Amino acid sequence: MLVVGVLKLTLFLPENHSLKGKRGVLKKIKARVANTFNVSVAECDAHDLWQRAVLGFSRVGTDAGEVDSALRQVVQFIDAMELAELGEEEIEIFHV
């Protein structure tokens, strides 16, 4: 059975003062996460806000526990980068 995991993560960038600065921070986060984990990532909301970002991550696998664990590791990894403050996170697992 195919398992698809989706993570929606809100980030706060309190020190940021422009969309250009926000893009730079998000570019670093997305590149490092994509290089470290086997996930897809995209900015999915709050495009025009300077100090808030919503990123979506997805992971496909055959084991729900492994997919869930990988997405939780992504959250910990981003937190450890200390480029942004973590906000709300939501993980959904779909069996297809």
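Everything quoted here is computed from the prediction, not taken from an experiment.
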* Asked: Is Leu26 reachable from Leu19 through a run of I, L, V, M, F, W or Y residues, each pair having side-chain heavy atoms under 4.5 Å apart?
  ->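 No, separate clusters.
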* **Where at least one partner belongs to residues 1-22, residue pairs that pass salt bridge (Lys or Arg N to Asp or Glu O under 4.0 Å), sequence neighbours excluded** =>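 For residues 1-22, and leaving out neighbouring residues, the salt bridge (Lys or Arg N to Asp or Glu O under 4.0 Å) pairs sorted by first residue read Lys22-Glu43.
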For [X] against [Y], the heavy-atom pair lying closest together:
X     : Y     : value
Val3  : Val67 : CG1-CG2, 4.1 Å
Leu83 : Leu13 : O-CD2, 3.8 Å
Leu71 : Gly5  : CD1-C, 3.5 Å
Glu89 : Leu7  : CB-CD1, 4.2 Å

* To do: Identify, with sequence neighbours excluded, every residue that meets salt bridge (Lys or Arg N to Asp or Glu O under 4.0 Å) alongside Arg59.
  =>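 With neighbours one apart ignored, the set is Glu66.
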* List for me each residue that meets salt bridge (Lys or Arg N to Asp or Glu O under 4.0 Å) alongside Arg23, sequence neighbours excluded, and say none if there are none. =>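 In terms of salt bridge (Lys or Arg N to Asp or Glu O under 4.0 Å), with neighbours along the sequence ignored, Arg23 is linked to no residue.
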* Evaluate the side-chain proximity of Phe57 to Val6: yes if any heavy-atom separation is below 4.5 Å, no if none is. =>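 No. Closest side-chain heavy atoms not under 4.5 Å.
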* **Close side-chain approach of Val41 and Val74, heavy atoms under 4.5 Å** =>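 SC-SC contact between Val41 and Val74 ruled out.
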Counting only N and O atoms by type, is there a donor-acceptor contact under 3.5 Å from the side chain of [X] to the main-chain atoms of [Y]?
X     : Y     : result
Asn35 : Ala31 : yes
Ser69 : Gly65 : no
Gln51 : Asn16 : yes

